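Working notes, structure below.
All of these numbers come straight from a predicted model, not from anything done at the bench. In what follows, chains carry the letters A, B, and so on, assigned in the order in which the sequence lines appear, proteins first and then strands, with residues in each chain numbered from 1.
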Amino acid sequence: MAGITVDEKICKGCGLCANACPKKVISISEHRMNQNGYFIAEAVNPQNCIGCAFCAIMCPDCAIVVER
Amino acid sequence: MKVFQKTKMLTDAHLHYCPGCTHGIVHRLVAESIEELGLQEKSIGIAPVGCAVFAYDYFNCDMQEAAHGRAPAVATGIKRCLPDRLVFVYQGDGDLASIGMAETVHAAARGEKITIIFINNSIYGMTGGQMAPTTLIGQKATTCQNGRDPAVNGYPIRVCELLATLDAPYYIERVSTHDVKHVLAAKKAIKKALQFQAEGRGYTFVEVLVSCPTNWHMRPVDALRFMGEECTKTFPLGVFRDKSEGKQ
């Protein structure tokens, strides 16, 4: 079962992961924010994740761990 | 099984870059390449002045800060004293192509056995978005508010092409970070450059196009699109010199 874990403390909500995801697994939250005031990325459709790691490759802050 | 996690070559410090700035991607690519080559204990990095000034906090190896633009000169000294080390320089466009142009060109002309990672975001990021030598024609900056006009501000400098006129450089390539495919290609280029240096072959130079959503006044995703569509027109991607394949 593939899946991602976003480190919410260091996510800056830039959305590059959501843009890169071919399965639309990730989206930037509209109401949850972290201690820095950034709206964070979250897996909204985790069941669709194929573990391609495109999100992690595009994440500038190394905030995503991908498992498969 | 973890298929992707942060490399140990990067420290746990949180990057200070703006959201969506692809500087962080390039940090990771350099760090992963060094780790994969197994040269972490032998690496010495030179941090520039500019957005990447705190690079010494992020790389988990010996780092040295240099005066503005003088990183290739510092790297020359370190590499000549410690020739068995892997010396890499991480510089932005204001640092490398403007104030440090003399050091850059002469280090290349001497063929110092160092690796330069040149981050080209076509603007001065840290100081607030002034025009850089690499700003595109028509691109707005705080010091050319109606867009860069060649009659007043001149034309952007293409550093890869400029250095490719010299005889000494061993490997020169320009890569981009605007999508997954190009990030993977960038990783390959950076690793190749570091490997050539580790083998003692000569001066290696990799230019990486990076976005600056804050100073381009764009959303991060739009900045990547702009980079892929516009920046790559002015700065065509490709290999400009690779002596290992006989490309002069």
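The pair A:R32-A:E8 meets the salt-bridge criterion, since a charged nitrogen lies less than 4.0 angstrom from a carboxylate oxygen. Using a 4.0 Å cut-off between charged nitrogen and carboxylate oxygen, B:E32 and B:K187 count as a salt-bridge pair. Between B:D62 and B:R85, none of the side-chain N atoms (NZ, or NE/NH1/NH2) sits under 4.0 Å from a carboxylate O, so this pair counts as no salt bridge.
Both the backbone and the side chain of B:V3 have a heavy atom closer than 4.5 Å to some heavy atom of chain A. In this structure, no portion of A:I4 lies under 4.5 Å from any heavy atom of chain B. For B:L29, no part lies under 4.5 angstrom from a heavy atom of chain A. No part of B:H182 comes within reach of chain A, as not one of its non-hydrogen atoms sits under 4.5 angstrom from that chain. Contacts between A:C11 and chain B at a heavy-atom distance below 4.5 Å are absent for every atom of the residue. Contacts between A:A20 and chain B at a heavy-atom distance below 4.5 Å involve the side chain alone, from C-beta outward. Residue contact with chain A, scored on non-hydrogen atoms closer than 4.5 Å, involves the side chain of B:L224 exclusively. Of the two parts of B:T7, neither the backbone nor the side chain holds a non-hydrogen atom closer than 4.5 Å to a non-hydrogen atom of chain A.
Taking the six-membered ring where the residue is Trp, the centroids of A:F39 and A:H31 are separated by 6.0 Å or more. In this structure, the ring of B:Y17 has its center no less than 6.0 angstrom from the ring center of B:F54. Aromatic ring centroids of B:H14 and B:Y58 lie 6.0 Å or more apart.
The candidate from B:G24, B:P19, B:P220, B:G20 with the greatest count of non-hydrogen atom pairs under 4.5 Å with chain A is B:P19. For the set A:A56, A:A53, A:A63, the entry with the most heavy-atom pairs within less than 4.5 Å of chain B is A:A56. Here B:V221 is the residue among B:T22, B:L10, B:V221 with the most heavy-atom pairs under 4.5 Å with chain A.
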How far apart are the C-alpha atoms of B:Y90 and B:H27, what are their side-chain angles, what is the distance that settles it, and do they pass the ring pair (Phe, Tyr, Trp, His ring centres under 6.0 Å) test? CA-CA 9 Å; B:Y90 191 100; B:H27 275 30; 4.7 Å; yes
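Atoms OG1 and CG, from B:T134 and B:N121 in turn, are 7.0 Å apart once rounded to the nearest 0.5 Å.
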